[in-house]
Amino acid sequence: MAFFRYYAEHPRDLDLGFYLFRGGMKPAGLGHDRDHELNAALEAALHPIAEAAEALGASRLKANTVMVDCFAHATGLLLLLHTGRIRMFGASAPDLMDTYLRDRIAQLGKG
């Protein structure tokens with residue numbers, strides 16, 4: 001939730017990630033060195049999710065999948081939140097993220 005909350009409260013920081021979609025859905029970058037630096041920072045920010053999944057009993061491969069899945073879910077909800085699209089569903093992005101994470105944790109606990 002910390003990752004989600006940060007970008008929910010700092011939408012301009014989220015803009016950098018979506019900046020890379022300018023010109024369509026093809027890969028774009030800011031230069032090899034900058035891309036490497038930003039990707040490393042993103043991975044470091046997301047890695048605690050994988051560590052938590054492993055602590056709940058997931059294999060390293062499964063923990064990595066959980067990390068990617070949580071990232072994808074969070075970015076989708078953040079996109080809906082910051083574009084205002086979430087309102088058309090009468091939903092709360094923070095509540096949806098919280099429910100999603102609780103469900104993932106429960107699945108890992110069973111597993």
Side-chain angles (χ1 to χ4, degrees):
M1 281 304 294
F3 178 88
F4 177 84
R5 270 196 236 70
Y6 177 83
Y7 285 107
E9 295 168 7
H10 301 92
R12 298 299 299 163
D13 290 344
L14 185 65
D15 284 346
L16 176 61
F18 289 113
Y19 160 82
L20 300 177
F21 287 126
R22 279 188 1 192
M25 295 296 281
K26 60 182 184 249
L30 299 173
H32 176 64
D33 291 341
R34 175 66 75 185
D35 289 344
H36 180 74
E37 180 183 333
L38 290 170
N39 287 337
L42 176 60
E43 186 173 357
L46 296 173
H47 193 69
I49 297 168
E51 290 174 343
E54 281 190 77
L56 290 170
S59 68
R60 184 164 298 221
L61 179 61
K62 177 68 174 178
N64 188 61
T65 299
V66 168
M67 178 183 69
V68 173
D69 192 33
C70 288
F71 175 60
H73 197 80
T75 56
L77 286 173
L78 289 163
L79 179 65
L80 291 173
L81 174 67
H82 291 305
T83 61
R85 293 278 188 229
I86 196 80
R87 289 190 304 265
M88 73 183 274
F89 301 106
S92 162
D95 290 348
L96 289 170
M97 190 69 203
D98 185 63
T99 298
Y100 172 80
L101 291 175
R102 289 178 188 278
D103 289 348
R104 289 305 308 223
I105 291 167
Q107 288 172 358
L108 286 170
K110 292 178 184 175

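Counting from 1, the numbers follow the sequence of the chain as shown.
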List for me each residue that meets side chain to side chain contact (heavy atoms under 4.5 Å, CB included) alongside Ser92, sequence neighbours excluded, and say none if there are none.
Pro94, Asp95
Can you sort out the partners of Ile49 under side chain to side chain contact (heavy atoms under 4.5 Å, CB included), two or more places apart, ordered by chain and number?
Leu46, Val66, Met67, Cys70
Can you give me every donor-acceptor pair (side chain of residues 51-58, partner residue at least two apart or in another chain, under 3.5 Å) with its distance?
unit_1	atom_1	unit_2	atom_2	d
Glu51	OE2	His47	NE2	3.3

Rounded to the nearest 0.5 Å, what separation is found between the CZ atom of Phe4 and the CG atom of Asp98?
10.0 Å
So, taking the atom named CG in Leu80 and the one named CG in Leu96, what distance separates them when rounded to the nearest 0.5 Å?
9.0 Å
Using the test salt bridge (charged side-chain N to carboxylate O under 4.0 Å, His left out), find all partners of Glu37 that sit at least two apart in sequence or belong to another chain.
Arg34
With sequence neighbours excluded, tell me which residues meet side chain to side chain donor-acceptor pair (under 3.5 Å) with Arg60.
none
Hey, could you give me each pair passing ring pair (Phe, Tyr, Trp, His ring centres under 6.0 Å) that has a residue in residues 67-107? Not counting sequence neighbours.
Phe3-Phe71, His73-Tyr100
For Leu77 and Leu81, what are the C-alpha separation, side-chain angles and deciding distance, and is it a side chain to side chain contact (heavy atoms under 4.5 Å, CB included)?
CA-CA 6 Å; Leu77 286 173; Leu81 174 67; over 6 Å; no
Within residues 67-93 or reaching into it, pairs that qualify as salt bridge (charged side-chain N to carboxylate O under 4.0 Å, His left out) - sequence neighbours excluded:
Asp69-Arg104
